[in-house]
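Just so you know, these numbers use all the heavy atoms, side chains as well, and skip hydrogens, waters and symmetry mates. In what follows, residues are counted from 1 in the order of the sequence shown.
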Amino acid sequence: MILKNKIYLYVTEFFAGMSVMAVELGASRLLAPYFSSSQIVWTIIIGTIMIAMALGNIYGGRAADKNPDPDRLYRRMIVAAVWIAAIPVVGKYIILGISALLIFSVSSNFLIWAAFAACMVIFVFPLFLLGTVTPSLVKYTVDSLEDSGKTVGTLNASNTIGSIIGTFVPTFVTIPAFGTSVTFLVFAGILLLLALIYFASKKIMGRSVVVGMILFALCCAGGFSDRLAFWETGLIYEGESVYNYLQVKEDKNNVILSTNVLFGVQSILRKDASLSGMYYDYMMAAPVMAGVNEKEDLEVLVLGMGTGTFALQCERYFDNIHIEGVEIDEKITKLAKQYFQQPEDIPVATYDGRAYLNAVDKKYDVILVDAFQDITIPFQMSSVEFFTLVQAHLKEGGVMAVNLNMKGSEEGNINQYLSDTIGSVFKNVYTIDVAGCTNRALYAFNSGEILDRFRKGIAAETDVDLTGLMEEILNGMQLYEAGNLVMTDDKAPVELLGMRVIDSLIRDEVEYYRGIYEREGVEGLLKGL
């Protein structure tokens with residue numbers, strides 16, 4: 001039999017460790033478009049997986065002592081393989097179903113509870129089964145106490161090496177090249193193949209093996225797709241990169257980039273070349289404040305270029321502007337050129353925004369900070385140290401503009417933290433809420449002449465639409481009095497703060513539908529939708 005020389009047991013341990021890590025990384029990508037990939041969600045994923053593995057270790061050890069038959073282990077691997085293969089087929093429906101149930105019953109921390117419930121339902125059982133592998137293999141490989149340490153050490157080494165490879169392969173190979181769905185299918189196929197080889201060596205092809213092969217084939221047929229937003233009809237692109245889920249939608253007026261299945265607009269292209277009607281328009285006040293109507297060449301740096309909505313609008317309205325962009329996701333930059341008319345004369349560096357500032361000595365008239373990681377700003381771009389670095393890269397009379405994407409009304413919300421932090425670095429901080437959405441525009445500068453220059457720039461502007469918008473911003477923006485909620489590199493709880501705001505927004509949005517549900521039940525709710 002194939003297990004006599006023990007090599008196959010080490011191979012099983014190797015691929016089991018690899019599959020656990022691949023499923024964990026796949027879990028983060030499956031959940032991210034719905035719940036984000038923040039540290040909080042990662043904590044939930046790691047925690048639930050560790051629970052599953054611990055329970056699997058306990059059960060596997062007891063089961064192996066009670067009945068040390070390898071057939072039982074490899075049958076469990078078949079079940080785990082089929083379950084993992086089914087995740088691309090039913091996972092997104094389970095997530096939406098859980099969200100629909102919890103959204104009317106959970107009044108706080110919705111994203112946390114929904115992500116936890118989804119992890120428990122989708123991932124705990126197959127990883128529980130994979131958790132039984134190591135204690136079972138120890139039972140089969142240890143012949144005597146004399147070599148038990150060596151044998152167990154070799155098994156653990158095999159598992160660890162497999163886990164290392166299982167960490168890198170999905171992140172850098174299968175997910176960006178083929179997608180999350182295919183990644184689940186690939187590693188499910190590996191587990192199934194291990195079991196098939198084992199049973200083939202015993203010349204046994206029982207019912208469990210045949211059923212497992214049939215179900216896996218059905219999962220491959222139904223799950224060989226990276227469509228997460230299956231209800232969308234206007235998608236012209238849907239895919240994944242190393243960093244993001246990416247979705248490009250088109251209607252008769254706009255082309256839109258979103259990195260979230262359920263909500264959010266990261267970039268927009270107006271087909272009629274008009275203003276976007278979103279926060280990008282408000283950001284255009286920064287070049288006017290910095291003297292775009294007075295200078296021969298205004299230097300602008302965009303940290304978080306996206307597909308270039310802000311840059312494209314600036315080039316349309318200002319003749320003397322030179323823009324450089326920084327975008328960490330190279331795939332977004334490619335989509336910008338393919339779908340969003342990003343001008344070829346705008347250089348875009350594939351870099352982290354803060355790392356880029358550390359790498360260059362150049363100073364700019366305007367620096368726009370518009371970098372987001374799912375629901376919040378990356379912590380390394382939210383601290384005193386970061387905004388001090390931005391200030392050091394501004395010319396005299398320069399302006400920093402920041403898109404705060406979640407206004408929030410509660411005391412101590414994320415925008416208050418960000419504004420207080422910025423206020424500890426810059427002498428003047430002004431904010432204005434963007435009409436019709438949850439964004440807030442922030443302008444920070446040290447020169448006392450900026451507002452006078454802004455007024456002069458508005459008076460010199462000839463475009464009626466842009467002039468009206470700039471006057472609205474001038475009249476509506478308010479001086480921000482900074483408090484002491486300052487974030488540093490050592491302490492910047494942006495993800496927890498972002499979760500609170502999202503929680504508040506969701507609660508406000510569903511309050512209307514919750515009322516219908518309480519009064520009229522499911523039938524009334526369906527009519528209301």
- request: Could you go through the side-chain contact (heavy atoms from CB on, under 4.5 Å) check for I450 and N428 one step at a time?
  value: CA-CA 10 Å; I450 293 294; N428 303 289; over 6 Å; no
message: Nearest 0.5 Å, please: how far is OH in Y279 from CG in N403?
response: 4.5 Å
- line: Between the CG atom in L303 and the CD1 atom in I328, the distance rounded to the nearest 0.5 Å is 11.5 Å
- line: Value for OG1 (T307) from CG (L257), rounded to nearest 0.5 Å, stands at 5.5 Å
- line: Correct closest heavy-atom pair for S258 and Q266 would be CA-OE1, 3.1 Å
task: Return yes if some donor-acceptor pair links the side-chain N/O of T171 with the main-chain N/O of F168 below 3.5 Å, else return no.
output: no
Backbone of T333 reached by a side-chain donor or acceptor of E327 within 3.5 Å: no
More than 12 heavy atoms from other groups under 6.0 Å of CD on E330: no
message: Please report the interatomic distance CG(L474) to CD1(I458), rounded to the nearest 0.5 Å.
response: 4.5 Å
query: Is the side chain of K271 donor-acceptor paired with the backbone N or O of D251 at a distance under 3.5 Å, no angle test?
result: yes
field: Working for side-chain contact (heavy atoms from CB on, under 4.5 Å), residues L301 and Y356
entry: CA-CA 11 Å; L301 176 66; Y356 184 83; 3.9 Å; yes
message: Can you confirm whether K491 is buried at NZ, in the sense that more than 12 heavy atoms of other residues, nucleotides or ligands lie under 6.0 Å from that atom?
response: no
- prompt: Is a side-chain N or O of R453 found less than 3.5 angstrom from the main chain of A290, in a donor-acceptor match?
  reply: yes
Exercise: identify the closest heavy-atom pair between V360 and H393: O-NE2, 2.8 Å
- prompt: Pick from I473, I422, T431, V366: which one makes a side-chain contact (heavy atoms from CB on, under 4.5 Å) with Y443?
  reply: I473
task: Determine yes or no for a side-chain-to-main-chain donor-acceptor pair under 3.5 angstrom, with N446 supplying the side chain and F426 the backbone.
output: no
task: With the side chain counted from C-beta on, respond yes when E344 and K337 share a heavy-atom pair under 4.5 Å apart, and no when they do not.
output: yes
query: Just by modelled atom types, is the L25 backbone N or O under 3.5 Å from a matching donor or acceptor in the S28 side chain?
result: yes
- prompt: Does T421 use its side chain to pair, donor to acceptor, with the backbone of M487 at less than 3.5 Å?
  reply: yes
query: Is there side-chain contact between D365 and V300, with heavy atoms separated by less than 4.5 Å?
result: no
message: Looking at every non-hydrogen atom in both residues, tell me the closest pair between G17 and N159 and how far apart they are.
response: CA-ND2, 3.7 Å
message: With a 4.5 Å cut-off on side-chain heavy atoms, are I45 and F123 touching?
response: no
query: Can you find a pair of side-chain heavy atoms, one from F15 and one from L193, that are under 4.5 Å apart?
result: no
field: Which atom of S382 lies closest to which atom of A492, heavy atoms considered
entry: OG-CB, 3.8 Å
message: Between V348 and Q342, is the side-chain contact (heavy atoms from CB on, under 4.5 Å) condition met? List the steps.
response: CA-CA 10 Å; V348 180; Q342 181 169 291; 3.3 Å; yes
- prompt: Are T467 and M470 close enough, and set up right, to give a side-chain contact (heavy atoms from CB on, under 4.5 Å), and what steps lead you there?
  reply: CA-CA 5 Å; T467 300; M470 294 299 107; 5.9 Å; no
Inter-residue atom distance Q247.CD - L235.CG, 0.5 Å rounding: 4.5 Å
- prompt: Are I332 and S241 close enough that some pair of their side-chain heavy atoms sits under 4.5 Å apart?
  reply: no
query: Which pair of heavy atoms, one from Q341 and one from L312, lies closest together, and at what distance?
result: O-CD1, 3.8 Å
task: Check the side chains of Y282 and N439 for a donor-acceptor pair under 3.5 angstrom, ignoring hydrogens and angles.
output: no
query: Quick check: does any side chain N or O of W83 sit under 3.5 Å from a backbone N or O of I122, one acting as donor and the other as acceptor?
result: yes
message: Tell me whether the rings of Y430 and F445 are parallel (<30°), tilted (30 to 60°) or perpendicular (>60°).
response: parallel
query: Rounded to the nearest 0.5 Å, how far apart are CG of N293 and CG of N320?
result: 7.5 Å
message: With no hydrogens and no angle check, just 3.5 Å: does a side-chain donor-acceptor pair link E324 and Y364?
response: yes
field: Sidechain-backbone polar pair: R354 side chain, Q380 backbone, donor-acceptor under 3.5 Å
entry: yes
- prompt: side-chain hydrogen bond (donor to acceptor under 3.5 Å, both in side chains) with T183: which residues, sequence neighbours excluded?
  reply: T174
message: So, using side chain to side chain contact (heavy atoms under 4.5 Å, CB included) as the criterion, who are the partners of E315 when residues are at least two apart?
response: I323, P343, D345, I346
field: More than 12 heavy atoms of other groups within 6.0 Å of Y237 OH
entry: yes
- request: Provide the closest heavy-atom pair for C219 versus A85 in the form atom of the first, atom of the second, distance.
  value: CB-O, 3.5 Å
message: Any side-chain to backbone donor/acceptor pair from Q391 onto V425? Under 3.5 Å, distance only.
response: yes
Side-chain touch I268/Y280, heavy atoms, less than 4.5 angstrom: yes
task: Answer whether the closest heavy-atom distance between the side chains of Y317 and P287 falls below 4.5 Å.
output: no
message: Quick one, F318 and L466 - any side-chain contact, counting heavy atoms below 4.5 Å?
response: yes
field: S274 versus D272, side-chain donor and acceptor atoms under 3.5 Å
entry: yes
